[in-house]
Enquirer: 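Pasting a structure below so you can have a look.
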Amino acid sequence: MRICTVKSAANNDFFEQVYAVVRLIPHGRVTSYGAIAKYLGAARSSRMVGWAMNASHSLPDVPAHRVVNRQGLLTGKMHFSTPFEMQERLKQEGVEVVNDQVQDFEHKFWDPQRELEL
DNA sequence: CCTATGACGCGTG
DNA sequence: CCACGCGCCATAG
């Protein structure tokens, strides 16, 4: 049965794929919108990934806080219940965040293309 | 139908 | 380092 009442079925599928990848992000790791888009074969549709995150509010098993932009900046923190939730949740997982910037980003970064498809 | 906007990314100057 | 522009595509007005 359909959980979402989305007009476009194809779009619904895209969202599902995004969520599937996000759910696979390991505890204490982060990835970027672009990396997810690229992994799904839509490298230039990173904006849609962000849109999918926006729609993932009601999905508790989708760790949207582990998705940041390519620089490791918490650009989406404003969309959480509080601007600090994203940073706090990352902090709890051992991801240091200073001034919206994920510290040691290169090391924390989790690339689905590289980590999954081996 | 058309324009503006965006939790993005990449190229240029 | 900063400012802009463009591509991408769904949504809102």
Side-chain angles (χ1 to χ4, degrees):
Chain A
M1 80 190 219
R2 307 254 162 90
I3 301 175
C4 305
T5 39
V6 184
K7 295 168 187 173
S8 169
N11 177 50
N12 187 19
D13 189 57
F14 178 73
F15 273 42
E16 270 189 50
Q17 293 184 69
V18 172
Y19 299 149
V21 176
V22 175
R23 275 190 276 256
L24 294 176
I25 303 174
H27 190 273
R29 304 290 293 285
V30 297
T31 191
S32 72
Y33 306 95
I36 294 172
K38 187 175 182 180
Y39 178 70
L40 296 179
R44 297 178 177 91
S45 300
S46 45
R47 283 193 147 138
M48 296 303 96
V49 177
W51 202 256
M53 291 299 94
N54 205 5
S56 74
H57 268 266
S58 55
L59 305 174
D61 58 330
V62 177
H65 62 283
R66 296 187 189 139
V67 185
V68 297
N69 78 347
R70 76 178 188 103
Q71 306 172 56
L73 289 173
L74 309 191
T75 50
K77 65 171 193 172
M78 313 304 236
H79 296 268
F80 285 78
S81 50
T82 72
F84 305 100
E85 187 178 326
M86 193 172 189
Q87 179 173 330
E88 289 300 313
R89 295 190 65 175
L90 287 173
K91 180 79 174 181
Q92 287 174 38
E93 299 183 358
V95 179
E96 199 90 15
V97 178
V98 178
N99 196 17
D100 297 342
Q101 168 67 56
V102 173
Q103 301 301 291
D104 196 19
F105 181 56
E106 287 181 33
H107 190 61
K108 301 287 184 186
F109 185 67
W110 180 84
D111 182 1
Q113 189 78 60
R114 194 183 62 196
E115 308 280 349
L116 294 179
E117 192 176 337
L118 291 179

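Lettering of chains follows the sequences in order, A, B, ..., and the numbering in each one begins at 1.
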Enquirer: How many whole angstroms separate atom CD of A:Gln17 from atom P of C:dA10?
Expert: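 Between P of C:dA10 and CD of A:Gln17: 14 Å.
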Enquirer: Can you name the closest pair of heavy atoms from A:Ala55 and A:Phe15 and give their distance?
Expert: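 Smallest interatomic distance, heavy atoms only, reads CB-CE2, 3.5 Å.
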Enquirer: Can you tell me the distance, in whole Å, between the CH2 atom of A:Trp51 and the P atom of C:dC8?
Expert: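 In whole Å, C:dC8 P lies 19 Å from A:Trp51 CH2.
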Enquirer: Take A:Tyr39 and A:Thr31 through the test side chain to side chain contact (heavy atoms under 4.5 Å, CB included) and record every step on the way to the result.
Expert: CA-CA 11 Å; A:Tyr39 178 70; A:Thr31 191; over 6 Å; no
Enquirer: To the nearest Å, give me how far apart CE (A:Met48) and C1' (C:dG7) are.
Expert: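 It is 11 Å, rounded to the nearest whole Å.
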Enquirer: By the 4.0 Å heavy-atom rule, please label A:Ala64 as base, sugar-phosphate, or nothing.
Expert: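 Base, at least one base heavy atom under 4.0 Å.
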Enquirer: Scan A:Met86, A:Lys91, A:Glu85, A:Gln87 and name whichever one has a side-chain contact (heavy atoms from CB on, under 4.5 Å) with A:Arg89.
Expert: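 Only match with A:Arg89 under side-chain contact (heavy atoms from CB on, under 4.5 Å): A:Glu85.
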Enquirer: Using a 4.5 Å cut-off on heavy atoms from C-beta on, say whether the side chain of A:Val18 contacts that of A:Met53.
Expert: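 Answer yes - side chains close enough.
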Enquirer: Let me check something: any side-chain donor-acceptor pairs from residues 61-73 of chain A under 3.5 Å, sequence neighbours excluded? List them with distances.
Expert:
residue	atom	partner	partner atom	Å
A:Asp61	OD2	A:Arg23	NH1	2.9
A:His65	NE2	A:Glu93	OE2	3.0
A:Arg66	NE	A:Glu93	OE1	2.9
A:Arg66	NE	A:Glu93	OE2	3.2
A:Arg66	NH1	A:Ile25	O	3.0
A:Arg66	NH2	A:Glu93	OE2	2.8
A:Asn69	OD1	A:Gln71	N	3.1
A:Asn69	OD1	A:Gly72	N	3.1
A:Asn69	OD1	A:Leu73	N	2.8

Enquirer: First and last nucleotide of DNA chain B in contact with chain A, 5' to 3', at under 4.0 Å to a heavy atom: what are they?
Expert: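 It runs B:dG6 to B:dC10.
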Enquirer: Rounded to whole Å, how long is the line connecting atom CD of A:Gln71 with atom P of C:dC2?
Expert: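 Interatomic distance, CD of A:Gln71 to P of C:dC2: 10 Å.
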Enquirer: For A:Leu74 and A:Phe84: C-alpha separation, side-chain torsions, deciding distance, then whether side chain to side chain contact (heavy atoms under 4.5 Å, CB included) applies.
Expert: CA-CA 10 Å; A:Leu74 309 191; A:Phe84 305 100; over 6 Å; no
Enquirer: Could you state the atom-to-atom distance from CZ of A:Arg70 to P of C:dG7 in whole Å?
Expert: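 The answer, rounded to whole Å, is 18 Å.
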Enquirer: Tell me what A:Asn54 touches on the nucleic acid: a base, only sugar-phosphate, or nothing, going by heavy atoms under 4.0 Å.
Expert: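 Base: the residue A:Asn54, judged by heavy atoms under 4.0 Å, touches a nucleobase.
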